[in-house]
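Some notes on the structure that comes next.
We name chains A, B, ... by the order of the sequence lines, and we start the count at 1 in each one.
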Amino acid sequence: MEHVVLDLQTTLFCGQSFGWLQEGDTYSAVLDGKLVRIRQENILEKCSQDLFLQHYFDMDWEYLKAESYLGSLGYPMADAVAHAQGLHILNQDPWEVLIGFILSQNNNIKRITQMFQKLGKEYGTQVESGRYSFPTQKQLQKATETELRALGMGFRAPYILDAIQKSSLLDTIPLLEFEDALLQLMTIRGVGRKVGSCVLLYGYHRMEAFPMDTWMKKAMARWYPHETSEIFSPYAALAQQYLFHYVRTLEES
DNA sequence: GGCCAGGCCCCAG
DNA sequence: CTGGGGCATGGC
């Protein structure tokens, strides 16, 4: 099977990021304060000119090796890999990931994206007509619970406020072992094991993470009822992402 | 018009 | 420490 370098459609809309928009074959998001536009055809070109994008799209990680190993595990993992060729784990801003996944609880990806973009429009910086950066901690500090609830954040409003309050702990996460890092994140209200795992994976590229959401619980119960993430080591996070994508694809069809 | 969504908090037992 | 109800909101 031909190895796909990076598949934008799958990577950007597999539920790891809530900041991307699609118009035709063009994908755009505000990254690092700038509006980025990119198409499947010009990924390599863009990344070769821009080290930030090269890192953001995780172009140098061992996806070929990981796909090969997970593919060797047979059904259903081999099928899951085949259905998500070219899926990369993005290197996102931990702060954005933290708020994004606080929004994610008891919610659906469509509405998470809408809520995430609402925060940008309300508290972020406009970088182009109608396009806003995600607000920094300082920008979000202006928010009150009443405002956030009026914006539609619902019961997550106080969680966002607590995350702002404790946002400095994000700086210490890279220094910590996985479990310690998870415990630190879980001191934030609204952050449990699942949300914390997502922050460690999508914000800090901790590939040993294995976020267990409702879909993953179904997938594990169905295919690996007596196993843990250990069987996918050292590619647990990627296995999780492939399975997550796979079960959702099956459900839709 | 209910149902449900990439969970977590809280409080019974 | 484990289990289950409740939670704000809107897309479907």
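- How far CD1 of A:Ile112 is from CD1 of A:Ile102: 12.5 Å, rounded to the nearest 0.5 Å.
- For A:Glu145 and C:dT9, the CD to P distance is 11 Å, given to the nearest whole Å.
- When both pairing distances are held under 3.5 Å, B:dC8 makes a Watson-Crick or G-U pair with C:dG6.
- For residues 126-145 of chain A, the set of pairs meeting the salt bridge (Lys or Arg N to Asp or Glu O under 4.0 Å) definition, not counting sequence neighbours, comprises A:Arg37-A:Glu128, A:Glu145-A:Arg149.
- With a 6.0 Å radius and a threshold of 12 heavy atoms from other residues, nucleotides or ligands, A:Leu51 has its CG atom at or below the threshold.
- Residue A:Gln241 contributes atom CD, which lies 10 Å from atom C1' of B:dG6 at whole-angstrom precision.
- Here A:Phe101 does not count as stacked on B:dG6, because the ring centres are not under 5.5 angstrom apart with planes under 30°.
- The distance from atom CD of A:Gln240 to atom P of B:dG6 is 13 Å, rounded to the nearest whole Å.
- Taking the P atoms as reference points, C:dG6 lies 22 Å from B:dG6, given to the whole Å.
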Return all side-chain donor-acceptor pairs below 3.5 angstrom for residues 178-187 of chain A, not counting sequence neighbours, or 'none' if the list is empty.
from	atom 1	to	atom 2	distance (Å)
A:Glu179	OE1	A:Arg193	NH2	3.2
A:Thr187	OG1	A:Gln184	O	2.6

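- At C:dG10, none of the side-chain N or O atoms of A:Gln114 fall inside 4.0 Å of OP1 or OP2 (strictly under the cut-off).
- Using a 4.0 Å heavy-atom distance criterion, A:Lys110 is classed as a sugar-phosphate-only contact.
- Comparing B:dC8, C:dA8, B:dC10 by their nearest atom to the side chain of A:Arg111 picks out C:dA8.
- Note that CG of A:Leu31 and CG of A:Leu90 are 9.0 Å apart. Values are rounded to the nearest 0.5 Å.
- Summarising the geometry, the separation between CE on A:Met216 and C1' on B:dG7 is reported as 16 Å, rounded to the nearest angstrom.
- A:Tyr202 comes within 4.0 angstrom of a base, heavy atoms only.
- Aromatic ring pairs are classed by plane angle as parallel below 30°, tilted from 30° to 60° and perpendicular above 60°; the pair A:Tyr224 and A:Phe232 is perpendicular.
- Using cut-offs of 30° and 60° for the angle between ring planes, the A:Trp20 and A:Phe57 rings count as tilted.
- Counting to the nearest Å, the P atom of B:dC9 and the CD atom of A:Gln105 are 7 Å from each other.
- In terms of position on DNA chain B, the residue among A:Met212 and A:Val191 whose nearest nucleotide sits closer to the 5' end is A:Met212.
- Using a 4.0 Å cutoff on non-hydrogen atoms, the parts of residues 153-166 of chain A near DNA chain C are A:Gly154, A:Phe155, A:Arg156, ordered by number.
- With hydrogens and angles left out, the side-chain atoms of A:Gln9 and A:Tyr27 include a donor and acceptor closer than 3.5 Å.
- Between A:Arg248 and B:dA5, a side-chain N or O to OP1/OP2 separation shorter than 4.0 Å is absent.
- What separates NZ of A:Lys118 from C1' of C:dG11 is a distance of 13 Å, to the nearest Å.
- Base contact: A:Gly15 has a heavy atom under 4.0 Å from a base atom.
- Rounded to a whole Å, the CZ atom of A:Phe244 is 11 Å from the P atom of B:dA5.
- Residue A:Thr214 places at least one side-chain N or O closer than 4.0 Å to OP1 or OP2 of B:dG7.
- Here the P atom of nucleotide B:dC8 and the CD1 atom of A:Ile112 are 12 Å apart, to the nearest Å.
- Nucleotides B:dC11 and C:dA8 are separated by 14 Å at their P atoms, to the nearest Å.
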